[in-house]
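In the text below, chain A, chain B and the rest are named by the order of the sequence lines, each starting its count at 1.
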Amino acid sequence: MNQAVQAAAPAAKRKPKETGVPDNQKYLHPMLAKNYGNWKYHDRPRPGVLHHVSHSGDEVWTVRAGTARQMDIYTIRKLCDIGDKFADGRVRFTIRSNIEFIVADEKKVAPLITELEKHGFPVGGTGNSVTMIAHTQGWLHCDIPGTDASGVVKSLMDELYDEFRREEMPNRVHLSTSCCEINCGGQADIAIIVQHTKPPVINHDLVANVCERPTVVARCPVAAIRPAMVNGKPSLEIDEAKCMCCGACYPPCPPMQINDPENSKLAIWVGGKNSNARGKPTFMKMVASGLPNNAPRWPEVAEAVKNILRVYKEDARPWERIADWIDRIGWPRFFEKTGLPFTKYLIDDWRGSRANLNASTHIRF
Amino acid sequence: MAKKMHDTPNLDQLESGPWPSFVTGLKDLAKEKDYVVDLLGQLEESYKTRKGYWKGGTVGVFGYGGGVIPRFTELKNEDGTPKFKDSAEFHTLRVMPPPGMHYDTDTLRQFCDIWEKHGSGLIAFHGQSGDIMFQGATTDNVQKAFDEINEMGFDLGGAGPAVRTSMSCVGAARCEQSCYNEAQAHRAVLNTFLDDIHRPSLPYKFKFKFSGCPNDCMNSVQRADMAVIGTWRDKMRSDEGLAKKWFAKHGMDELVNDVVARCPTKTFQVKELNKIKSGEHITSVAVSDTHGIEINNQDCVRCMHCINVMTGALATGTDKGATILVGGKSHLKIGGLMGTVVIPFMKLDTEEDVEKLVDLAQRTIDFFAENALEHERTGEMIERIGLSNFLDAMEIDVDPAMVNSPRMNPYVRTDGWEEEVSKINAKKKAA
Ligand code: HEM
Ligand code: SF4
Ligand code: SF4
Ligand code: SF4
Ligand code: SF4
């Protein structure tokens with residue numbers, strides 16, 4: 001190829017190869033590929049380690065370690081080195097950003113654990129531990145966050161470090177954090193979610209320029225937003241008596257300033273469960289609010305979460321998730337034991353709310 | 001060597017403590033990259049003021065309408081120039097992971113090399129939708145990074161009103177509870193909708209998730225517009241050796257209190273061996289010389305609890321497949337919704353079976369595209385039009401497994417009752 005053609009080539013834009021979701025076969029540890037769909041049972045020889053046995057008699061040990069989720073390339077390369085040294089150059093991640101190394105030789109388990117912990121990766125997160133928090137993006141990368149995500153997670157996991165590395169909870173504990181009420185973090189045994197307490201402050205100068213007003217009006221769950229003329233320019237106004245401060249109007253309309261350093265608080269929710277085990281999946285319920293958004297370590301939030309975990313650990317029976325535990329002891333006792341105040345704001349009044357009221361005389365005294 | 005670091009007294013406090021620190025990671029990157037020095041500067045400002053400073057915009061790669069999350073700084077000086085100029089553009093590439101999130105280290109190292117060259121060097125494994133998130137590239141570098149990632153055989157995921165990136169559990173690769181080939185279904189479905197992933201034009205987002213069994217490790221029931229959750233129809237399997245081993249270790253108290261008492265339908269019983277029934281629907285296994293377990297599988301709701309507790313002693317059946325639920329979503333706008341059953345059971349053993357799932361997915365998305373209001377998820381759409389209307393349109397027969405209970409109010413016109421009954425009877429006869 002002559003020089004001229006080569007120089008011209010980059011001008012023609014590269015068409016993407018729409019390859020979609022890649023095949024995972026070549027990424028599987030050889031023993032997983034060999035025994036695909038043929039596993040018989042597993043046990044957990046120690047926290048952080050799963051031992052799976054195949055119908056063929058093959059066995060594998062999985063060592064699970066916590067990560068920061070947002071990782072720098074040096075950390076990822078370090079994990080790759082460990083994967084090369086112990087796990088046939090294969091790793092996998094769990095939905096909660098833990099990394100897993102699979103070995104076919106039991107003798108590799110102990111040195112692998114030593115190596116991981118030497119480099120600061122805690123081994124744990126299996127069975128009835130408190131596993132890594134499902135977290136979102138926060139100030140690092142989202143355009144609407146009321147708080148950070150990675151910092152909250154780091155602060156909390158520092159406090160829950162021992163519980164991650166042990167299996168001492170009644171059942172598994174899944175945590176999540178969400179930096180707005182959209183709740184990207186999802187349902188969890190305990191969730192920490194931003195809860196705004198004041199209606200958005202509208203930046204009227206910006207509305208005229210950037211907002212598609214009908215979209216914003218339509219987005220409000222309680223129809224609190226109306227088009228209005230402000231200072232002779234088309235803008236919006238909020239019926240502050242109706243507004244319940246959900247922040248739904250903010251993503252489509254950045255002038256709807258909902259985030260506030262003081263008035264955007266944190267709420268704690270408990271009892272979410274995705275699994276069908278025992279009872280049906282459950283949504284979590286708000287049990288506390290008004291916690292300060294106290295960066296960089298959110299000590300009040302950590303205290304509140306640790307308190308709930310402490311009571312749950314003492315009081316729940318084996319295999320009770322937080323939702324199962326509260327089903328047994330009832331909400332009055334939950335509030336009594338955790339010392340959390342039950343305020344009027346915790347009585348549901350959204351659509352379908354009557355289903356959440358006690359329509360019986362079932363009361364524990 | 002990069003430029004001098006900004007003071008970050010707040011972020012510094014996130015370097016102490018035993019859990020791996022993303023701040024330490026960022027600082028390591030900042031040693032080489034001005035880009036990350038300024039990112040830390042802006043993040044510190046957020047910690048100080050407790051405000052976010054990113055806004056969206058339009059950045060993409062040639063040929064696609066989505067998959068890149070644009071971020072421009074809003075932290076400006078009085079004259080409108082960015083306060084932290086080197087990280088003024090900090091876009092994310094959402095890249096779809098392989099099923100089960102397995103990787104070889106060569107692939108991860110290539111990701112690192114590409115992102116060292118074109119991006120910040122910060123990668124998140126993974127986002128809540130499942131994407132590998134390559135966080136932080138300038139507008140100019142987005143295309144270069146994508147081209148190289150794409151040449152490796154990886155593709156962008158969804159963003160905006162599009163089919164979104166999906167996740168499947170470890171499943172068949174390493175889990176005895178797996179009831180179908182999650183990876184196969186995941187790829188077959190997602191790769192059918194590449195156009196809807198890459199060129200957002202639906203009323204709103206549409207998410208698929210694939211869990212191999214009712215433990216639903218992918219949290220699909222509350223997050224997926226279409227959740228594919230593995231299950232089985234026949235008898236649970238049992239293994240006497242493992243059952244006796246379990247009992248020897250755990251004893252009668254645990255068997256009674258942790259398993260019998262927690263079976264949601266109370267179909268799980270412990271009995272003296274000579275009283276245990278046998279029969280077409282009975283799973284039974286001895287746990288000792290005197291006692292055994294009896295499960296009437298017709299009353300079992302496949303909740304997984306007893307199997308989770310006594311893994312191997314009890315196992316899923318062999319007539320496996322999946323239950324399909326539609327309409328799960330989080331809070332916005334009407335409140336959180338769980339998915340609801342639309343297909344109680346479908347086989348997923350063969351390619352033809354998987355084709356049927358793909359076809360169902362296709363018809364669901366077509367219906368969603370035509371009938372949902374703007375910014376309405378499937379769950380909200382179904383709540384608005386009623387499940388029966390959705391099923392009618394999808395030509396799916398109603399089934400009592402779709403409801404918690406029949407209706408509790410008389411506010412319905414039933415003048416088509418006889419017609420419906422005769423249709424059901426005609427179908428029964430034809431079957
Ligand atoms: C067009 C005819 C009617 C309509 C649309 C209608 C509608 C309603 C509605 C919406 C309620 C409230 C249900 C609730 O508590 O949520 C109600 C309650 C009630 N209606 Fe009617 N109704 C009608 C005729 C009648 C008639 C003719 C009677 C009696 C002679 C009647 C007796 C009652 C009673 C006793 C209640 C209270 C039930 C309770 O709260 O336990 N209704 N009706
Ligand atoms: S929870 Fe809200 S603020 Fe946080 S990442 Fe998701 S959308 Fe952004
Ligand atoms: S914050 Fe929520 S309730 Fe208030 S105006 Fe915005 S969308 Fe409506
Ligand atoms: S969802 Fe079921 S099959 Fe999949 S990993 Fe979890 S327990 Fe195993
Ligand atoms: S899987 Fe079936 S038998 Fe076992 S606990 Fe659940 S409902 Fe009971």
Side-chain angles (χ1 to χ4, degrees), chain A residues 13-22 24 27-28 32 36-37 39-41 52 67-70 72-77 80 83-84 89-93 120 139 141 143 145 150-151 154 157-158 161 182-184 186-187 221 248 261 274-278 281 283 293 295-296 318-319 350, chain B residues 10 13-14 17-20 22 25 28-29 46-47 50 52 54-56 62-63 96 98-105 108-109 112 116 121 124-125 128 147 150 153 155 172-174 176 183 187 190-191 194 214-216 219 221-222 258 262 264 303-305 311-312 330-333 335-336:
Chain A
K13 288 198 172 144
R14 175 185 172 280
K15 268 183 70 178
K17 295 181 181 165
E18 295 202 44
T19 48
V21 180
N24 67 359
Y27 302 129
L28 297 178
L32 300 195
Y36 198 88
W39 296 99
K40 181 162 192 231
Y41 74 98
H52 283 86
T67 75
R69 187 179 84 138
Q70 342 267 135
D72 61 281
I73 49 175
Y74 311 115
T75 300
I76 298 168
R77 286 176 185 146
C80 287
D84 288 342
R90 305 296 203 290
V91 301
R92 73 170 292 271
F93 290 91
W139 288 328
H141 204 256
D143 57 344
S150 313
K154 158 73 177 151
M157 287 314 290
D158 278 342
Y161 185 72
I182 288 177
N183 186 30
C184 295
Q187 298 295 316
N274 299 290
S275 164
N276 288 274
R278 300 169 305 283
F283 281 122
N293 186 10
W319 294 95
W350 189 242
Chain B
N10 278 291
Q13 293 182 51
L14 290 170
W19 192 260
F22 71 105
D28 285 344
L29 292 169
S46 281
Y47 268 72
R50 289 181 247 163
W54 298 114
K55 67 165 194 256
F62 178 70
M96 292 196 279
M101 293 164 171
H102 302 267
Y103 299 93
D104 59 22
T105 51
L108 294 183
R109 285 181 206 280
C112 289
E116 184 167 36
F125 290 96
Q128 287 302 327
D147 287 347
N150 193 209
D155 200 357
R174 200 208 51 207
E176 67 272 20
R187 293 189 69 222
L190 264 278
N191 291 348
L194 293 178
N215 281 328
D216 194 7
N219 304 345
V221 69
Q222 49 96 8
D258 295 353
R262 297 206 176 281
C303 86
M304 294 303 292
H305 176 70
T311 150
S330 196
H331 296 160
L332 280 180
K333 155 176 172 177

Could you tell me which of [options] has the largest number of non-hydrogen atom pairs under 4.5 Å with chain A?
| options | result |
| --- | --- |
| B:Asn219, B:Leu190, B:Leu108, B:Asp28 | B:Asn219 |
| B:Ala172, B:Gly56, B:Ala183, B:Ser330 | B:Ala172 |
| B:Gly52, B:Gly17, B:Ala173, B:Pro264 | B:Ala173 |
| B:Gln128, B:Glu116, B:Arg174 | B:Arg174 |
| B:Pro98, B:Gly153, B:Gly312 | B:Pro98 |
| B:Gly25, B:Pro99, B:Ala124, B:Gly336 | B:Pro99 |

| query | How close do A:Lys154 and B:Pro20 get, heavy atom to heavy atom, and via which atoms? | reply | CD-O, 3.8 Å
| field | Shortest non-hydrogen contact from B:His102 toward A:Asn24 | value | CD2-ND2, 3.9 Å
| task | Dump the intermediate steps for side-chain contact (heavy atoms from CB on, under 4.5 Å) on B:Phe125 and A:Thr67, then the final yes or no. | result | CA-CA 9 Å; B:Phe125 290 96; A:Thr67 75; over 6 Å; no
| task | Flag the pair A:Trp39 / A:Leu32 as yes when at least one side-chain heavy-atom distance between them is below 4.5 Å, and no otherwise. | result |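 A:Trp39 reaches A:Leu32 side chain to side chain.
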Region of [X] in contact with chain B, defined by heavy-atom distances below 4.5 Å:
| X | answer |
| --- | --- |
| A:His141 | both |
| A:Phe283 | both |
| A:Tyr161 | side chain |
| A:Ser150 | both |

Residue among [options] with most heavy-atom pairs under 4.5 Å to chain B:
| options | value |
| --- | --- |
| A:Pro281, A:Gly120, A:Gly37, A:Ser275 | A:Ser275 |
| A:Ala295, A:Pro221, A:Gly83 | A:Pro221 |
| A:Ile76, A:Asp72, A:Asn183 | A:Asp72 |
| A:Ala68, A:Pro261, A:Cys80 | A:Cys80 |
| A:Ile73, A:Val91, A:Ile182 | A:Ile73 |
| A:Arg90, A:Met157, A:Glu18 | A:Glu18 |

In Å, rounded to the nearest 0.5 Å, how long is the span from [atom1] of [X] to [atom2] of [Y]?
| X | Y | atom1 | atom2 | answer |
| --- | --- | --- | --- | --- |
| B:Met96 | B:Asp155 | CE | CG | 4.5 Å |
| A:Trp319 | B:Arg262 | CH2 | CZ | 10.5 Å |
| B:Thr311 | B:Glu176 | OG1 | CD | 3.5 Å |
| A:Asp143 | B:Trp54 | CG | CH2 | 11.0 Å |
| B:Gln222 | A:Gln187 | CD | CD | 4.5 Å |

| Relative to each other, are the rings of A:Trp139 and B:Tyr47 parallel, tilted or perpendicular (30° and 60° limits)? | perpendicular
| Side chain, backbone, both or neither: which part of B:Asn215 has a heavy atom under 4.5 Å from chain A? | both
| query | Ignoring hydrogens and geometry, is there a side-chain-to-backbone donor-acceptor pair from B:Asp216 to A:Asn276 under 3.5 Å? | reply |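 Checked: no pair found.
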